[in-house]
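Numbering starts at 1 and runs along the sequence shown.
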Amino acid sequence: MKRSERRRTQKAIRKNGGQTAPGARELDILAVLKAAMQHHSAGRLGDAEGLYRQILHAEPNQTDALHLLGVLAMQAGELDTAETLIGEAIKTNPDFADAHNNLGLTLQRMARPADAEAAFRRALDLVPENALAGLNLANVQME
């Protein structure tokens with residue numbers, strides 16, 4: 001998404017009090033999610049957090065926003081919040097392998113290796129070729 005498009009989308013959402021127009025709601029949420037992910041990838045965590053929260057204001061059970069806000073919380077060391085948010089994402093989509101993997105990482109950082117191992121195993125059950133989940137499982141088993 002071009003910067004000008006992102007600005008227009010963000011301006012429209014702010015203008016509508018965080019809500020999107022009924023006909024364009026899904027498209028706008030996807031556009032804002034894409035912008036949030038770009039901020040997140042670039043290390044602009046505050047900007048990413050704000051956009052994830054805008055999405056959740058408009059659609060409280062938006063799986064990707066819940067998951068990625070949880071990842072952001074994990075990166076910030078807010079592990080209880082990360083566990084809650086990623087857990088909510090998993091409730092909305094139980095087959096979300098990346099969320100299970102990131103839940104495992106959160107639980108591992110919380111010194112809960114048995115729970116982390118279960119989360120990594122679930123990620124691998126869903127996507128057996130998930131090398132990252134396999135590596136994370138091996139790491140938690142070695143601890």
CG on Leu66 to CD1 on Ile55, rounded to 0.5 Å = 10.0 Å

With Arg44 as partner, the option from Gln38, Glu49, His39 fulfilling side-chain hydrogen bond (donor to acceptor under 3.5 Å, both in side chains) is His39

Donor-acceptor pair, Asn102 side chain versus Asp98 backbone, under 3.5 Å?
-> yes

In this structure, CD of Gln108 is separated from CG of Leu137 (nearest 0.5 Å) by 10.0 Å

With Tyr52, which of Gln62, His40, His57, His67 fulfils side-chain hydrogen bond (donor to acceptor under 3.5 Å, both in side chains)?
-> His40

Between Met110 and Asp80, does a side chain to side chain contact (heavy atoms under 4.5 Å, CB included) hold up when you go through it step by step?
-> CA-CA 8 Å; Met110 296 173 84; Asp80 290 332; 3.1 Å; yes

Over all heavy atoms of both residues, which pair between Ala97 and Ala123 is shortest? Give the atoms and the distance, please.
-> O-CB, 3.5 Å

Do Asn101 and Asn136 meet the criterion of a side-chain donor-acceptor pair at a distance under 3.5 Å?
-> yes

Rounded to the nearest 0.5 Å, what separation is found between the CD atom of Gln75 and the CG atom of Leu105?
-> 10.5 Å

same_hphob_cluster(Val71, Leu85) at 4.5 Å side-chain heavy-atom cutoff | no

Any sub-3.5 Å donor-acceptor pair from His100's side-chain atoms to Pro94's backbone N or O?
-> yes

In Å and rounded to the nearest 0.5 Å, what is the CZ to OG1 distance from Arg112 to Thr106?
-> 9.5 Å

Any donor-acceptor N/O pair, Thr92 side chain to Ala89 backbone, under 3.5 Å = yes

Single-linkage hydrophobic cluster, 4.5 Å side-chain cutoff, Val140 and Leu135 together = no

Quick one: name the residues clustered hydrophobically with Leu126, using the 4.5 Å side-chain heavy-atom rule over I, L, V, M, F, W, Y, and just say none if it's on its own.
-> Val127

Do Leu33 and Leu69 belong to the same hydrophobic cluster, where Ile, Leu, Val, Met, Phe, Trp and Tyr are linked whenever their side-chain heavy atoms lie under 4.5 Å apart, directly or via other members?
-> yes

Just how far is it from atom CG of Asp125 to atom CG of Asp95, taken to the nearest 0.5 Å?
-> 10.5 Å

For Ala116 against Gly104, the heavy-atom pair lying closest together | CB-O, 3.3 Å

Using the rule that two of Ile, Leu, Val, Met, Phe, Trp, Tyr join whenever any of their side-chain heavy atoms come within less than 4.5 Å, decide whether Leu124 and Ile86 are in one cluster.
-> yes

Distance (rounded to the nearest 0.5 Å) between Asp28 CG and Gln54 CD | 11.0 Å

Answer with yes or no whether the hydrophobic clustering places Leu103 together with Met74; edges join I, L, V, M, F, W, Y residues whose side-chain heavy atoms lie under 4.5 Å apart.
-> yes

